[in-house]
Number of protein chains: 2
Amino acid sequence: MSAVTAPAAPVPQAPAFSPLYQQIKALLLKGLEGGEWLPGQAIPSEVELAARFRVSQGTVRKAIDELATENVLVRRQGKGTFVATHAEQATQFRFLRLLPDDGSPPALQRRLLECRRMRAPTEVARLLALGVGEAAVQVRRLLLAPQGDDLQPVVLDDLWLPGTLFKGLTMERLQAWRGPMYRLFEAQFAVHMIRAEEKLRAVAAQADDAALLAVPVGTPLLSVERLAYTYGDRPVELRRGLYHTAAHHYRNELS
Amino acid sequence: MSAVTAPAAPVPQAPAFSPLYQQIKALLLKGLEGGEWLPGQAIPSEVELAARFRVSQGTVRKAIDELATENVLVRRQGKGTFVATHAEQATQFRFLRLLPDDGSPPALQRRLLECRRMRAPTEVARLLALGVGEAAVQVRRLLLAPQGDDLQPVVLDDLWLPGTLFKGLTMERLQAWRGPMYRLFEAQFAVHMIRAEEKLRAVAAQADDAALLAVPVGTPLLSVERLAYTYGDRPVELRRGLYHTAAHHYRNELS
DNA sequence: ACGCATTTGTTCGTATGTATT
DNA sequence: TAATACATACGAACAAATGCG
(Lines give C-alpha, C1' and ligand atoms only; values in the text may rest on other atoms or scores of the structure.)
Protein backbone atom coordinates (compact mmCIF):
# COMPACT_ATOMS: atom_id res chain seq x y z
CA MET A 1 0.00 0.00 0.00
CA SER A 2 3.01 2.26 -0.37
CA ALA A 3 1.95 5.35 -2.23
CA VAL A 4 5.41 6.76 -2.03
CA THR A 5 8.29 4.85 -3.54
CA ALA A 6 10.95 3.87 -1.05
CA PRO A 7 14.25 5.74 -1.24
CA ALA A 8 16.48 4.23 -3.89
CA ALA A 9 19.56 3.83 -1.70
CA PRO A 10 18.75 3.71 1.99
CA VAL A 11 21.63 4.85 4.15
CA PRO A 12 22.70 1.91 6.31
CA GLN A 13 22.99 3.61 9.68
CA ALA A 14 20.15 6.07 9.30
CA PRO A 15 16.59 4.76 9.57
CA ALA A 16 16.10 2.95 6.30
CA PHE A 17 12.40 3.68 6.27
CA SER A 18 10.14 6.47 7.36
CA PRO A 19 6.48 6.32 8.29
CA LEU A 20 4.01 7.12 5.56
CA TYR A 21 2.83 10.30 7.26
CA GLN A 22 6.42 11.55 7.43
CA GLN A 23 6.76 10.97 3.71
CA ILE A 24 3.51 12.86 3.15
CA LYS A 25 4.81 15.64 5.36
CA ALA A 26 7.95 15.83 3.25
CA LEU A 27 5.88 15.99 0.07
CA LEU A 28 3.80 18.82 1.49
CA LEU A 29 6.96 20.68 2.45
CA LYS A 30 8.30 20.21 -1.08
CA GLY A 31 5.09 21.67 -2.45
CA LEU A 32 5.41 24.63 -0.13
CA GLU A 33 9.06 25.12 -1.00
CA GLY A 34 8.25 24.94 -4.70
CA GLY A 35 5.63 27.64 -4.35
CA GLU A 36 2.72 25.39 -5.26
CA TRP A 37 0.75 27.01 -2.45
CA LEU A 38 1.62 30.53 -1.34
CA PRO A 39 1.45 32.09 2.13
CA GLY A 40 -2.14 32.86 3.03
CA GLN A 41 -3.56 30.46 0.48
CA ALA A 42 -5.42 27.26 1.30
CA ILE A 43 -3.86 23.91 0.51
CA PRO A 44 -6.13 21.17 -0.89
CA SER A 45 -8.55 19.54 1.53
CA GLU A 46 -7.55 16.48 3.49
CA VAL A 47 -9.66 14.11 1.38
CA GLU A 48 -8.26 15.61 -1.79
CA LEU A 49 -4.69 15.19 -0.57
CA ALA A 50 -5.48 11.67 0.59
CA ALA A 51 -6.72 10.84 -2.91
CA ARG A 52 -3.71 12.45 -4.56
CA PHE A 53 -1.18 10.62 -2.41
CA ARG A 54 -3.20 7.41 -2.25
CA VAL A 55 -3.25 7.23 1.51
CA SER A 56 -5.99 7.46 4.09
CA GLN A 57 -7.30 10.78 5.33
CA GLY A 58 -5.98 9.97 8.79
CA THR A 59 -2.46 9.72 7.48
CA VAL A 60 -2.73 13.10 5.77
CA ARG A 61 -4.18 14.48 8.99
CA LYS A 62 -1.19 13.35 10.99
CA ALA A 63 1.21 14.95 8.51
CA ILE A 64 -0.72 18.22 8.59
CA ASP A 65 -0.94 18.05 12.39
CA GLU A 66 2.82 18.18 12.65
CA LEU A 67 3.14 21.02 10.18
CA ALA A 68 0.47 22.88 12.10
CA THR A 69 2.26 22.52 15.43
CA GLU A 70 5.40 23.78 13.70
CA ASN A 71 3.44 26.84 12.58
CA VAL A 72 4.05 26.05 8.93
CA LEU A 73 0.36 25.48 8.29
CA VAL A 74 -2.72 26.86 10.03
CA ARG A 75 -5.92 24.85 10.35
CA ARG A 76 -9.27 26.56 10.37
CA GLN A 77 -12.28 24.41 11.06
CA GLY A 78 -14.88 24.63 8.34
CA LYS A 79 -12.63 26.66 6.06
CA GLY A 80 -9.56 24.65 5.28
CA THR A 81 -5.85 24.48 5.99
CA PHE A 82 -3.76 27.51 5.07
CA VAL A 83 -0.13 28.29 4.50
CA ALA A 84 1.12 30.35 7.41
CA THR A 85 1.89 33.97 6.65
CA HIS A 86 3.48 36.85 8.49
CA ALA A 87 0.57 39.03 7.49
CA GLU A 88 -1.67 38.03 10.38
CA GLN A 89 -1.64 39.70 13.76
CA ALA A 90 -1.42 36.33 15.45
CA THR A 91 1.85 35.30 13.83
CA GLN A 92 3.03 38.88 14.06
CA PHE A 93 4.69 38.60 17.42
CA ARG A 94 6.03 35.11 17.04
CA PHE A 95 9.37 36.59 16.06
CA LEU A 96 9.34 39.82 18.06
CA ARG A 97 9.64 38.98 21.72
CA LEU A 98 10.21 42.45 23.09
CA LEU A 99 7.37 43.68 25.28
CA PRO A 100 6.78 46.86 27.30
CA ASP A 101 7.32 46.30 31.03
CA ASP A 102 3.96 47.83 31.87
CA GLY A 103 2.06 45.13 30.05
CA SER A 104 0.68 47.35 27.33
CA PRO A 105 0.50 45.88 23.85
CA PRO A 106 3.65 46.39 21.78
CA ALA A 107 3.35 49.35 19.42
CA LEU A 108 6.66 50.03 17.73
CA GLN A 109 7.27 52.43 14.88
CA ARG A 110 9.91 51.88 12.24
CA ARG A 111 12.58 54.28 11.05
CA LEU A 112 14.65 53.05 8.14
CA LEU A 113 18.30 54.10 8.31
CA GLU A 114 20.01 52.35 5.48
CA CYS A 115 19.69 49.79 2.73
CA ARG A 116 22.64 48.97 0.53
CA ARG A 117 24.09 46.18 -1.56
CA MET A 118 27.61 44.99 -0.82
CA ARG A 119 29.86 41.97 -0.84
CA ALA A 120 29.00 39.84 2.16
CA PRO A 121 31.60 40.09 4.94
CA THR A 122 33.19 36.71 5.62
CA GLU A 123 31.33 36.11 8.87
CA VAL A 124 28.01 37.02 7.28
CA ALA A 125 28.78 34.87 4.24
CA ARG A 126 29.61 31.91 6.45
CA LEU A 127 26.39 32.10 8.44
CA LEU A 128 24.23 32.64 5.34
CA ALA A 129 26.06 29.87 3.49
CA LEU A 130 27.14 32.23 0.71
CA GLY A 131 30.22 31.91 -1.46
CA VAL A 132 33.09 34.31 -0.94
CA GLY A 133 32.45 37.65 -2.56
CA GLU A 134 28.76 36.97 -3.13
CA ALA A 135 26.38 39.89 -2.90
CA ALA A 136 24.40 40.72 0.19
CA VAL A 137 21.89 43.37 1.15
CA GLN A 138 22.36 45.20 4.41
CA VAL A 139 19.46 46.92 6.10
CA ARG A 140 19.60 49.13 9.14
CA ARG A 141 16.63 50.40 11.04
CA LEU A 142 15.37 51.69 14.33
CA LEU A 143 12.27 50.63 16.21
CA LEU A 144 10.79 53.33 18.40
CA ALA A 145 8.25 53.24 21.19
CA PRO A 146 5.80 56.04 21.87
CA GLN A 147 6.91 57.81 25.04
CA GLY A 148 4.52 60.50 26.08
CA ASP A 149 4.42 62.91 23.17
CA ASP A 150 7.43 61.74 21.21
CA LEU A 151 9.25 58.55 20.27
CA GLN A 152 12.00 56.74 22.14
CA PRO A 153 14.41 54.47 20.21
CA VAL A 154 14.30 50.94 21.61
CA VAL A 155 15.75 48.64 18.99
CA LEU A 156 18.58 49.03 16.52
CA ASP A 157 18.41 46.29 13.90
CA ASP A 158 21.10 45.27 11.43
CA LEU A 159 20.07 42.81 8.74
CA TRP A 160 21.97 40.94 6.06
CA LEU A 161 20.16 39.16 3.27
CA PRO A 162 21.44 37.06 0.35
CA GLY A 163 21.73 39.43 -2.61
CA THR A 164 20.55 36.89 -5.14
CA LEU A 165 17.31 36.26 -3.31
CA PHE A 166 16.60 39.91 -2.64
CA LYS A 167 17.34 41.44 -6.00
CA GLY A 168 15.69 44.80 -6.20
CA LEU A 169 15.29 45.43 -2.49
CA THR A 170 15.81 49.13 -2.12
CA MET A 171 15.41 51.83 0.48
CA GLU A 172 12.37 53.12 -1.41
CA ARG A 173 10.56 49.80 -1.49
CA LEU A 174 11.24 49.24 2.19
CA GLN A 175 10.13 52.76 2.95
CA ALA A 176 6.92 52.39 1.00
CA TRP A 177 5.94 49.15 2.67
CA ARG A 178 3.31 49.23 5.39
CA GLY A 179 3.28 46.09 7.47
CA PRO A 180 5.70 43.50 8.80
CA MET A 181 9.01 43.24 6.97
CA TYR A 182 8.73 39.45 6.81
CA ARG A 183 5.44 39.94 5.00
CA LEU A 184 7.20 42.07 2.41
CA PHE A 185 9.78 39.33 1.95
CA GLU A 186 6.96 36.86 1.33
CA ALA A 187 4.98 39.04 -1.03
CA GLN A 188 7.76 40.55 -3.11
CA PHE A 189 10.64 38.09 -2.88
CA ALA A 190 8.94 34.75 -2.25
CA VAL A 191 11.02 34.19 0.85
CA HIS A 192 9.06 32.86 3.80
CA MET A 193 10.68 32.63 7.23
CA ILE A 194 9.52 29.64 9.21
CA ARG A 195 12.08 29.28 11.98
CA ALA A 196 14.89 31.17 13.66
CA GLU A 197 17.65 30.68 16.18
CA GLU A 198 18.67 33.49 18.47
CA LYS A 199 21.71 34.06 20.63
CA LEU A 200 21.29 36.62 23.38
CA ARG A 201 23.98 38.52 25.19
CA ALA A 202 24.39 41.61 27.32
CA VAL A 203 26.79 44.13 25.79
CA ALA A 204 27.87 47.71 26.37
CA ALA A 205 26.70 50.38 23.95
CA GLN A 206 29.42 51.56 21.56
CA ALA A 207 29.61 55.19 20.54
CA ASP A 208 27.71 54.91 17.23
CA ASP A 209 25.04 52.57 18.53
CA ALA A 210 24.63 54.69 21.65
CA ALA A 211 24.04 57.76 19.53
CA LEU A 212 21.35 56.07 17.47
CA LEU A 213 19.61 54.65 20.52
CA ALA A 214 19.99 57.93 22.41
CA VAL A 215 21.69 56.33 25.41
CA PRO A 216 25.03 57.01 27.07
CA VAL A 217 28.04 55.08 25.84
CA GLY A 218 28.43 51.94 27.94
CA THR A 219 24.73 51.47 28.59
CA PRO A 220 23.96 47.75 28.89
CA LEU A 221 22.09 46.56 25.81
CA LEU A 222 20.55 43.22 24.95
CA SER A 223 22.26 41.88 21.85
CA VAL A 224 20.07 39.51 19.86
CA GLU A 225 21.74 37.68 16.99
CA ARG A 226 19.21 35.92 14.84
CA LEU A 227 19.62 33.44 12.03
CA ALA A 228 16.32 32.89 10.25
CA TYR A 229 15.53 29.92 8.05
CA THR A 230 13.12 29.20 5.24
CA TYR A 231 11.89 25.82 3.97
CA GLY A 232 14.55 23.16 3.83
CA ASP A 233 16.51 24.73 6.69
CA ARG A 234 18.11 27.27 4.38
CA PRO A 235 19.39 30.32 6.30
CA VAL A 236 18.14 33.45 4.54
CA GLU A 237 18.53 36.22 7.06
CA LEU A 238 21.11 37.27 9.58
CA ARG A 239 19.93 39.89 11.99
CA ARG A 240 21.68 41.61 14.83
CA GLY A 241 19.47 43.60 17.13
CA LEU A 242 20.46 45.83 20.00
CA TYR A 243 17.59 46.18 22.46
CA HIS A 244 17.47 48.95 25.02
CA THR A 245 15.77 47.13 27.88
CA ALA A 246 15.10 50.01 30.26
CA ALA A 247 11.33 49.89 29.83
CA HIS A 248 11.05 46.73 27.77
CA HIS A 249 11.99 43.10 28.21
CA TYR A 250 12.49 40.04 26.07
CA ARG A 251 9.87 37.46 26.93
CA ASN A 252 10.46 33.76 26.68
CA GLU A 253 8.41 30.72 27.54
CA LEU A 254 10.04 27.50 28.69
CA SER A 255 8.19 24.21 28.63
CA MET B 1 -20.94 7.29 24.98
CA SER B 2 -19.80 10.00 27.36
CA ALA B 3 -17.71 8.43 30.07
CA VAL B 4 -17.22 11.72 31.79
CA THR B 5 -20.21 13.65 33.02
CA ALA B 6 -20.66 17.03 31.42
CA PRO B 7 -19.88 20.07 33.55
CA ALA B 8 -22.82 20.88 35.81
CA ALA B 9 -23.13 24.55 34.92
CA PRO B 10 -21.65 25.39 31.55
CA VAL B 11 -20.56 28.99 31.27
CA PRO B 12 -22.61 30.64 28.52
CA GLN B 13 -19.86 32.44 26.66
CA ALA B 14 -17.11 29.88 27.14
CA PRO B 15 -17.30 26.64 25.14
CA ALA B 16 -20.15 24.80 26.82
CA PHE B 17 -18.63 21.42 26.05
CA SER B 18 -15.19 20.00 25.83
CA PRO B 19 -14.09 17.09 23.67
CA LEU B 20 -13.75 13.74 25.36
CA TYR B 21 -9.99 13.65 24.94
CA GLN B 22 -9.72 17.02 26.66
CA GLN B 23 -11.66 15.66 29.60
CA ILE B 24 -9.36 12.64 29.70
CA LYS B 25 -6.38 14.97 29.58
CA ALA B 26 -7.78 16.90 32.54
CA LEU B 27 -8.27 13.66 34.46
CA LEU B 28 -4.70 12.63 33.77
CA LEU B 29 -3.46 16.01 34.95
CA LYS B 30 -5.50 15.64 38.11
CA GLY B 31 -3.88 12.28 38.71
CA LEU B 32 -0.46 13.78 38.20
CA GLU B 33 -1.22 16.72 40.45
CA GLY B 34 -2.54 14.37 43.12
CA GLY B 35 0.65 12.35 43.06
CA GLU B 36 -0.99 9.18 41.77
CA TRP B 37 1.97 8.76 39.44
CA LEU B 38 5.34 10.25 40.40
CA PRO B 39 8.04 11.71 38.15
CA GLY B 40 9.96 8.95 36.45
CA GLN B 41 7.21 6.40 36.98
CA ALA B 42 5.11 4.86 34.22
CA ILE B 43 1.45 5.66 33.98
CA PRO B 44 -0.96 2.81 33.09
CA SER B 45 -0.92 1.61 29.51
CA GLU B 46 -3.21 3.12 26.92
CA VAL B 47 -5.55 0.14 26.85
CA GLU B 48 -5.72 0.12 30.63
CA LEU B 49 -6.56 3.82 30.75
CA ALA B 50 -9.09 3.37 27.97
CA ALA B 51 -10.81 0.67 30.01
CA ARG B 52 -10.72 2.74 33.18
CA PHE B 53 -12.21 5.82 31.55
CA ARG B 54 -14.53 3.83 29.29
CA VAL B 55 -13.29 5.44 26.10
CA SER B 56 -11.46 4.12 23.07
CA GLN B 57 -7.70 3.74 23.02
CA GLY B 58 -7.47 6.40 20.34
CA THR B 59 -9.08 8.96 22.58
CA VAL B 60 -6.61 8.21 25.36
CA ARG B 61 -3.85 8.44 22.78
CA LYS B 62 -4.86 11.92 21.75
CA ALA B 63 -4.95 13.09 25.37
CA ILE B 64 -1.51 11.62 26.03
CA ASP B 65 -0.22 13.08 22.76
CA GLU B 66 -0.93 16.59 23.96
CA LEU B 67 0.62 15.99 27.35
CA ALA B 68 3.67 14.57 25.60
CA THR B 69 4.12 17.61 23.36
CA GLU B 70 3.83 19.76 26.49
CA ASN B 71 6.66 17.72 28.01
CA VAL B 72 4.46 16.63 30.89
CA LEU B 73 4.64 12.99 29.83
CA VAL B 74 7.27 11.09 27.88
CA ARG B 75 6.39 8.21 25.58
CA ARG B 76 8.79 5.33 25.08
CA GLN B 77 7.88 2.78 22.48
CA GLY B 78 7.73 -0.74 23.85
CA LYS B 79 8.14 0.45 27.42
CA GLY B 80 5.26 2.73 28.27
CA THR B 81 4.45 6.34 29.00
CA PHE B 82 6.31 8.03 31.85
CA VAL B 83 5.89 11.08 33.99
CA ALA B 84 8.50 13.61 32.94
CA THR B 85 11.29 14.20 35.41
CA HIS B 86 14.18 16.60 35.72
CA ALA B 87 16.47 13.69 36.43
CA GLU B 88 17.17 12.87 32.78
CA GLN B 89 19.91 14.45 30.74
CA ALA B 90 17.44 15.17 27.96
CA THR B 91 15.14 17.34 30.03
CA GLN B 92 18.17 18.70 31.83
CA PHE B 93 18.76 21.64 29.55
CA ARG B 94 15.17 22.50 28.84
CA PHE B 95 15.36 25.14 31.53
CA LEU B 96 19.00 26.16 31.28
CA ARG B 97 19.56 27.95 28.00
CA LEU B 98 23.06 29.24 28.59
CA LEU B 99 25.62 27.71 26.28
CA PRO B 100 29.36 28.24 25.77
CA ASP B 101 30.11 30.29 22.66
CA ASP B 102 32.60 27.72 21.40
CA GLY B 103 29.92 25.09 21.01
CA SER B 104 31.25 22.79 23.70
CA PRO B 105 28.68 21.02 25.87
CA PRO B 106 27.65 23.00 28.94
CA ALA B 107 29.49 21.87 32.07
CA LEU B 108 28.70 24.15 34.98
CA GLN B 109 29.66 23.59 38.59
CA ARG B 110 27.59 24.82 41.51
CA ARG B 111 28.68 26.80 44.50
CA LEU B 112 26.01 27.35 47.13
CA LEU B 113 26.18 30.76 48.79
CA GLU B 114 23.15 30.97 51.01
CA CYS B 115 19.89 29.35 52.02
CA ARG B 116 17.66 31.02 54.57
CA ARG B 117 14.03 31.29 55.60
CA MET B 118 12.40 34.70 55.76
CA ARG B 119 9.17 36.56 55.31
CA ALA B 120 8.55 36.95 51.59
CA PRO B 121 9.20 40.49 50.36
CA THR B 122 6.04 42.03 48.93
CA GLU B 123 7.14 41.73 45.32
CA VAL B 124 8.13 38.10 45.79
CA ALA B 125 4.90 37.36 47.63
CA ARG B 126 2.87 38.90 44.85
CA LEU B 127 4.53 36.87 42.11
CA LEU B 128 4.36 33.62 44.09
CA ALA B 129 0.75 34.32 45.09
CA LEU B 130 1.61 34.22 48.79
CA GLY B 131 -0.19 36.05 51.57
CA VAL B 132 1.50 38.99 53.24
CA GLY B 133 4.03 37.89 55.79
CA GLU B 134 4.08 34.29 54.60
CA ALA B 135 7.35 32.41 54.81
CA ALA B 136 9.69 32.00 51.88
CA VAL B 137 13.01 30.32 51.34
CA GLN B 138 15.76 32.23 49.63
CA VAL B 139 18.62 30.46 47.91
CA ARG B 140 21.70 32.01 46.43
CA ARG B 141 24.25 30.23 44.32
CA LEU B 142 26.91 30.59 41.70
CA LEU B 143 27.38 28.55 38.56
CA LEU B 144 30.96 28.32 37.39
CA ALA B 145 32.50 27.22 34.12
CA PRO B 146 35.86 25.48 33.86
CA GLN B 147 38.35 27.97 32.43
CA GLY B 148 41.71 26.42 31.83
CA ASP B 149 42.86 25.18 35.24
CA ASP B 150 40.35 26.96 37.46
CA LEU B 151 36.71 28.03 37.54
CA GLN B 152 35.13 31.21 36.25
CA PRO B 153 31.83 32.42 37.73
CA VAL B 154 29.19 32.74 35.01
CA VAL B 155 25.80 32.79 36.70
CA LEU B 156 24.58 34.28 39.95
CA ASP B 157 21.19 32.86 40.85
CA ASP B 158 18.72 34.14 43.42
CA LEU B 159 15.74 31.92 44.19
CA TRP B 160 12.62 32.36 46.28
CA LEU B 161 10.40 29.43 47.13
CA PRO B 162 7.14 29.22 49.08
CA GLY B 163 8.10 28.33 52.67
CA THR B 164 5.15 26.03 53.21
CA LEU B 165 6.02 23.86 50.25
CA PHE B 166 9.72 23.71 51.01
CA LYS B 167 9.68 23.02 54.72
CA GLY B 168 13.04 21.64 55.74
CA LEU B 169 15.05 22.91 52.80
CA THR B 170 18.41 23.75 54.30
CA MET B 171 21.89 24.65 53.19
CA GLU B 172 23.06 21.18 54.19
CA ARG B 173 20.46 19.35 52.15
CA LEU B 174 21.17 21.50 49.13
CA GLN B 175 24.88 21.03 49.63
CA ALA B 176 24.58 17.27 49.88
CA TRP B 177 22.50 16.94 46.75
CA ARG B 178 24.19 15.76 43.56
CA GLY B 179 22.15 16.46 40.51
CA PRO B 180 19.75 19.08 39.17
CA MET B 181 18.05 21.25 41.77
CA TYR B 182 14.66 20.72 40.15
CA ARG B 183 15.19 17.00 40.64
CA LEU B 184 15.74 17.58 44.34
CA PHE B 185 12.51 19.54 44.49
CA GLU B 186 10.71 16.60 42.89
CA ALA B 187 12.27 13.92 45.04
CA GLN B 188 12.20 15.61 48.44
CA PHE B 189 9.39 18.16 48.23
CA ALA B 190 7.01 16.70 45.65
CA VAL B 191 7.16 19.90 43.61
CA HIS B 192 7.51 19.34 39.88
CA MET B 193 8.19 22.26 37.55
CA ILE B 194 6.51 21.90 34.20
CA ARG B 195 6.62 25.37 32.71
CA ALA B 196 8.30 28.75 33.18
CA GLU B 197 8.16 32.28 31.92
CA GLU B 198 11.30 34.36 31.62
CA LYS B 199 11.92 38.06 31.23
CA LEU B 200 15.33 39.02 29.91
CA ARG B 201 17.08 42.33 30.26
CA ALA B 202 20.57 43.79 30.00
CA VAL B 203 21.70 45.41 33.23
CA ALA B 204 24.90 46.82 34.70
CA ALA B 205 26.68 44.86 37.42
CA GLN B 206 26.21 46.34 40.89
CA ALA B 207 29.07 46.25 43.39
CA ASP B 208 28.04 43.12 45.28
CA ASP B 209 27.02 41.14 42.21
CA ALA B 210 30.17 42.24 40.41
CA ALA B 211 32.30 40.95 43.27
CA LEU B 212 30.64 37.55 43.24
CA LEU B 213 30.90 37.24 39.47
CA ALA B 214 34.45 38.57 39.47
CA VAL B 215 33.73 41.30 36.94
CA PRO B 216 34.19 45.08 37.09
CA VAL B 217 31.30 47.15 38.38
CA GLY B 218 29.16 48.23 35.44
CA THR B 219 29.83 45.18 33.35
CA PRO B 220 26.77 44.40 31.20
CA LEU B 221 25.00 41.33 32.52
CA LEU B 222 22.03 39.39 31.22
CA SER B 223 19.27 39.51 33.81
CA VAL B 224 16.89 36.55 33.61
CA GLU B 225 13.81 36.70 35.79
CA ARG B 226 11.99 33.40 35.85
CA LEU B 227 8.62 32.43 37.24
CA ALA B 228 8.23 28.64 37.26
CA TYR B 229 4.92 26.82 37.50
CA THR B 230 3.81 23.39 38.60
CA TYR B 231 0.59 21.55 37.74
CA GLY B 232 -2.47 23.72 37.65
CA ASP B 233 -0.48 26.80 36.71
CA ARG B 234 0.58 27.40 40.29
CA PRO B 235 3.74 29.55 40.52
CA VAL B 236 6.20 27.86 42.86
CA GLU B 237 9.55 29.45 42.14
CA LEU B 238 10.82 32.91 41.46
CA ARG B 239 14.36 33.04 40.19
CA ARG B 240 16.55 35.92 39.25
CA GLY B 241 19.71 35.03 37.42
CA LEU B 242 22.55 37.30 36.37
CA TYR B 243 24.44 35.81 33.45
CA HIS B 244 27.91 36.95 32.49
CA THR B 245 27.75 36.57 28.73
CA ALA B 246 31.36 37.16 27.79
CA ALA B 247 31.98 33.58 26.71
CA HIS B 248 28.43 32.25 26.91
CA HIS B 249 25.12 33.10 25.33
CA TYR B 250 21.44 32.45 25.93
CA ARG B 251 20.06 30.35 23.14
CA ASN B 252 16.48 30.56 21.96
CA GLU B 253 14.56 28.92 19.20
CA LEU B 254 11.70 30.72 17.46
CA SER B 255 9.16 28.84 15.42
C1' DA C 1 19.55 -17.41 20.76
C1' DC C 2 14.81 -17.57 20.28
C1' DG C 3 10.20 -16.71 20.92
C1' DC C 4 6.45 -14.50 23.36
C1' DA C 5 3.86 -10.98 25.68
C1' DT C 6 3.43 -6.12 26.40
C1' DT C 7 3.40 -1.37 24.92
C1' DT C 8 3.60 2.32 21.92
C1' DG C 9 3.65 3.61 16.77
C1' DT C 10 1.47 3.52 12.28
C1' DT C 11 -2.32 2.95 9.04
C1' DC C 12 -6.63 2.04 7.52
C1' DG C 13 -11.74 2.59 7.56
C1' DT C 14 -16.12 4.55 9.15
C1' DA C 15 -19.33 7.50 11.40
C1' DT C 16 -20.68 11.66 13.46
C1' DG C 17 -20.06 16.50 15.22
C1' DT C 18 -19.05 21.40 14.45
C1' DA C 19 -17.90 25.53 11.78
C1' DT C 20 -18.16 28.02 7.53
C1' DT C 21 -20.14 29.55 3.31
C1' DT D 1 -30.77 24.39 3.86
C1' DA D 2 -27.14 22.11 1.73
C1' DA D 3 -22.39 21.36 0.70
C1' DT D 4 -17.73 21.43 2.26
C1' DA D 5 -13.94 21.18 5.52
C1' DC D 6 -11.86 20.22 9.65
C1' DA D 7 -12.63 17.86 14.50
C1' DT D 8 -13.78 14.04 17.28
C1' DA D 9 -14.44 9.22 18.29
C1' DC D 10 -14.61 4.44 17.58
C1' DG D 11 -12.69 0.00 16.00
C1' DA D 12 -9.30 -2.99 13.97
C1' DA D 13 -4.96 -4.65 12.38
C1' DC D 14 -0.15 -4.82 11.96
C1' DA D 15 4.71 -2.94 12.87
C1' DA D 16 8.50 -1.90 15.91
C1' DA D 17 10.75 -1.78 20.40
C1' DT D 18 11.37 -3.75 24.77
C1' DG D 19 11.90 -7.13 28.33
C1' DC D 20 11.41 -11.69 30.07
C1' DG D 21 11.64 -16.61 30.14
Side-chain angles (χ1 to χ4, degrees), chain A residues 1-6 10 13-28 37 40-69 71-84, chain B residues 1-7 10 12-28 37 40-69 71-84 88 90:
Chain A
M1 204 61 69
S2 84
V4 184
T5 56
Q13 229 55 356
F17 87 105
S18 90
L20 247 187
Y21 76 92
Q22 288 286 1
Q23 301 178 39
I24 304 300
K25 182 182 172 186
L27 287 174
L28 290 173
W37 314 293
Q41 291 183 347
I43 68 171
S45 76
E46 293 177 356
V47 270
E48 204 171 328
L49 288 170
R52 177 195 299 196
F53 296 135
R54 310 290 210 68
V55 299
S56 77
Q57 183 184 352
T59 301
V60 171
R61 257 195 93 69
K62 187 147 183 180
I64 293 180
D65 277 343
E66 290 206 352
L67 292 171
T69 59
N71 294 313
V72 172
L73 296 177
V74 179
R75 324 189 69 142
R76 281 197 259 269
Q77 187 174 356
K79 301 180 72 172
T81 301
F82 299 78
V83 183
Chain B
M1 207 60 66
S2 82
V4 184
T5 57
Q13 227 53 357
F17 86 106
S18 91
L20 248 188
Y21 78 91
Q22 288 285 1
Q23 301 179 40
I24 303 300
K25 182 183 171 185
L27 288 175
L28 291 173
W37 313 293
Q41 291 182 348
I43 68 171
S45 76
E46 293 178 354
V47 269
E48 205 172 328
L49 289 170
R52 177 194 300 195
F53 296 135
R54 308 291 210 71
V55 297
S56 77
Q57 184 184 353
T59 300
V60 171
R61 262 194 89 70
K62 186 145 183 179
I64 293 180
D65 277 343
E66 289 206 353
L67 292 171
T69 59
N71 293 314
V72 172
L73 296 176
V74 179
R75 323 190 68 141
R76 282 197 258 270
Q77 186 174 357
K79 301 180 72 170
T81 301
F82 298 78
V83 183
E88 307 155 47

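Worth saying up front: this structure is predicted, and the values here are computed from it rather than measured. Here is the naming used below: chain letters follow the sequence lines, and residue numbers restart at 1 for every chain.
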Item checked: Atom pair distance, as rounded to whole Å: CZ in A:Arg76 and C1' in D:dA5 -> 13 Å
Next item on the list: Mind calculating the distance between CZ (A:Phe82) and C1' (C:dT20) to the nearest angstrom?
Entry: 10 Å
Next item on the list: Measure the spacing between CG of A:Asp65 and NZ of A:Lys25 and express it to the nearest 0.5 Å.
Entry: 10.5 Å
Next item on the list: Report the distance from atom CG of A:Leu20 to atom OG1 of A:Thr59, rounding to the nearest 0.5 Å.
Entry: 6.0 Å
Between the protein and nucleotides 12-17 of chain D, are there any N/O to N/O pairs under 3.5 Å, and if so, what are the atom names and distances?
| unit_1 | atom_1 | unit_2 | atom_2 | d |
| --- | --- | --- | --- | --- |
| D:dA16 | N3 | B:Gln77 | NE2 | 3.2 |

Checklist line | Expected output: side-chain B:Gln23 to main-chain B:Ser18 donor-acceptor under 3.5 Å | finding: yes
Next item on the list: Nearest whole angstrom, please: distance from the C1' of D:dA5 to the CZ of A:Arg75.
Entry: 10 Å
Notebook entry, point to check: Can you name the nearest heavy-atom pair linking A:Gly40 to A:Phe82, along with the distance?
Noted result: O-CD2, 3.6 Å
Check: Could you state the NZ-P distance from A:Lys62 to D:dT8, rounded to the nearest angstrom?
Finding: 15 Å
Item checked: Minimum-distance nucleotide (side-chain atoms of B:Ser45 versus C:dT7, D:dA9, D:dC6) -> C:dT7
Check: Which whole-number value in Å describes the distance from A:Leu73 CG to D:dA5 P?
Finding: 16 Å
Item checked: Minimum heavy-atom distance A:Leu28-A:Ala63, with the two atoms named -> CD1-CB, 4.3 Å
Check: Nearest heavy-atom pair of A:Trp37 and A:Pro44: which atoms, and what distance?
Finding: NE1-CD, 3.4 Å
Note to self: The side chain of A:Ser56 is closest to which nucleotide in this list: D:dA5, C:dT11, D:dC10?
What the structure shows: C:dT11
Notebook entry, point to check: So what does B:Gly58 touch, heavy atoms closer than 4.0 Å: a base, only the sugar-phosphate, or nothing?
Noted result: nothing
Next item on the list: Can you tell me the distance, in whole Å, between the CD atom of A:Glu46 and the P atom of C:dT11?
Entry: 16 Å
Notebook entry, point to check: Tell me: CZ of A:Arg61 to P of D:dT8, nearest whole Å?
Noted result: 7 Å
Notebook entry, point to check: What are the two closest heavy atoms between B:Val83 and B:Leu73, and how far apart are they?
Noted result: CA-CD2, 4.0 Å
Next item on the list: Could you work out which one of C:dT10, D:dC6, C:dT8 sits closest to the side chain of A:Thr81?
Entry: D:dC6
Next item on the list: Find which nucleotide of DNA chain C each of B:Ile43 and A:Pro19 is nearest to by heavy atoms, and output the residue with the more 5' nucleotide.
Entry: B:Ile43
Item checked: Atom-pair distance (CD1 on B:Ile24; P on D:dC10), nearest Å -> 8 Å
